[in-house]
Amino acid sequence: MIDRSIVPDKYVITSVLKACGSNLALREGKEVHGQAVKLGLGSNRLITMKLMELYGKCGEFDFARKVFDKMVERDVVASTIMINCYLDYGLVEQAIEVFDQVWIKDTVCWTAMTDGLVKNGEMNRALEMFRAMQKDNVRPNEVTIVCVLSACSQLGALELGRWVHSYMGKKHGIELNHFVGGALINMYARCGDIDEAERVFAMMKERNVITYNLMISGLAMHGKSVEAIETFQGMIKQGILPTSVSFVAVLNACSHGGLVDLGFEIFHSMTRDYGIEPQIEHYGCMVDLLSRVGRLQEAYDFIRSLKIAPDQVMLGAFLSACKIHGNLELGEQIARTLINDGVVDSSTYVLLSNVYASSGKWNEAAQIRAKMKEGGIQKEPGCSSIEVNNEIHEFLLGDIRHPQKEKIYKKLEELNQILREEGYTPATEVVLHDIEDWEKEHALAIHSERLAICYGLISTRPCTTIRVVKNLRVCDDCHSMIKLIAKITRRKIVVRDRKRFHHFENGSCSCGDFW
DNA sequence: GTAGGGTTAG
């Protein structure tokens, strides 16, 4: 409500416009701006910039641009607001166009552009931006560091992440605050160096619930269940109240560690001790917890007892466990529910098809694939990446774009030869007889993680750890193959898949073949 | 003045 009894000044109008922007109240904002114009404040810089922000936040970037173009003094601050208007709506190229025209860019402007690229999934361009910023002699601050670390964590760029960490340590005035500390823990955990994540965590003087959540989920991701639970308990001892996110993290740790009773105790403590109502993701953790250890009937009954409808992730956890524990009947019941509901994404289709295929029900598997085709549902392309000499190398299925492709495929063939001699037969050869043609192509092609690993083998020093990041789950065949590769090459191979880490060493994997 | 860490379960 606008109180019309008092005549507002420019400060009042600025703060009301700001509030309208935060609440996406476009109509009210326009009204306030109209008032400002009537009061002769239409060309006030602060008010004009707030109007741009308002338009931007409400998705009206064309209007924001018109205001921007009319501004007499289009300095770095106004340009940064315009850049953010575009970046919030994914218009990266338009943002860059404005950015390029800024004559003297400051830290905020560089950081906004870098962060916008990260938020729009353009990690490599974000890192390029960071390098360009340093060439331009603009000093990064804490915010810049957090953005760059976020890009590193998503890319799995451990080398660069380490470089950023050491840059901070060299008296560049970067403080290890909550944000920077959290970003570092997240970066190390997600880049596969959980020990270093723990070291940063231990070094931090002050930790908040987010710091703890990051550490707990990092430990859980690496299969360090006991440490994750201890960290959770340590947080409570410190008097920090857990949030709903903390519970997902710690329940996830319980399920990876097979700690059913403790998991239930923690689950019950949510409402009892902290007044946090479980959400679908917490129920999902409980289903996962029961299913993993093979208590499938209990998991099934648990799902049925819920007042809310199960989602694909929850059913996926159950289905995946049915496949591993060889309980097709319960799995099929759930599968039917999934298909009938008709809202199934590509990964669940793939999982369903694999469940059928694993028990030799080829017709059913083929039907699922046909349904996918019918509905025009495409499997998300698998993509693996590896960082070598500060550069991220990306590989798709059967990728031949890499400049060193000959060497990579030669290495792959060499490994296949050794594996065959060791008596290893790829699971795909068995599968091939009973699946559809298009699937054969996929099965025959070379999965991206193998290419990334082979590139790692030829381009890094012997005995060093190879770290690969994959956007999807690792398939069974690749998983067993990587175990053997780790053994014969005497390398540690760390693979981050969509959900967790696999540390391959000397023929076995830290996930205990259950993922 | 403009920019910052967790979306977690398959």
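All values reported here derive from a predicted model rather than from experimental measurement. Naming: A, B, ... by sequence-line order, numbering from 1 per chain.
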Look at A:R131 together with A:D136 and state whether they make a salt bridge at an N to O cut-off of under 4.0 Å. no
Could you verify whether a donor N or O on one side chain and an acceptor N or O on the other, from A:T243 and A:S246, lie under 3.5 Å apart? yes
May I ask you to check whether A:F232 and A:F247 place their ring centers less than 6.0 Å from one another? yes
Which one of A:H502, A:H479, A:R473, A:K470 satisfies the side-chain hydrogen bond (donor to acceptor under 3.5 Å, both in side chains) criterion with A:D497? A:H502
Taking the six-membered ring for Trp, are A:F130 and A:W110 ring centroids under 6.0 Å apart? no
Here the residues of residues 247-271 of chain A within 4.0 Å heavy-atom distance, strictly under, of DNA chain B are A:V248, A:N252, A:H256
Whole-Å distance separating the CG atom of A:L319 from the P atom of B:dA9: 18 Å
Within this structure, what is the CE-to-P distance between A:M286 and B:dA9, rounded to whole angstrom? 15 Å
Is any NZ, NE, NH1 or NH2 atom of the basic residue among A:K224 and A:E198 found under 4.0 Å from an Asp or Glu carboxylate oxygen of the other? yes
Just to be sure I understand the rule, does A:L289 reach a base, reach only the sugar-phosphate, or reach nothing, if contact means heavy atoms closer than 4.0 Å? nothing
For a quick check of understanding: with a heavy-atom distance under 4.0 Å over all strands, which category does A:R292 fall into, base, sugar-phosphate or nothing? sugar-phosphate
Answer yes or no: does atom CZ of A:F63 have more than 12 heavy-atom neighbours from other residues, nucleotides or ligands under 6.0 Å? no
Can you tell me how far P of B:dT8 sits from CD1 of A:I216, to the nearest Å? 16 Å
Counting primed atoms, P, OP1 and OP2 as sugar-phosphate and everything else as base, the B/S/- map of nucleotides 2-7 of chain B against protein heavy atoms under 4.0 Å is BBBBB-
Just call it for A:D75: base, sugar-phosphate, or nothing, with non-hydrogen atoms closer than 4.0 Å on any strand. base
Tell me the interatomic distance from A:E281, atom CD, to B:dA9, atom P, rounded to whole angstroms. 10 Å
Salt-bridge criterion met for A:R125 and A:E93 (N-O under 4.0 Å): yes
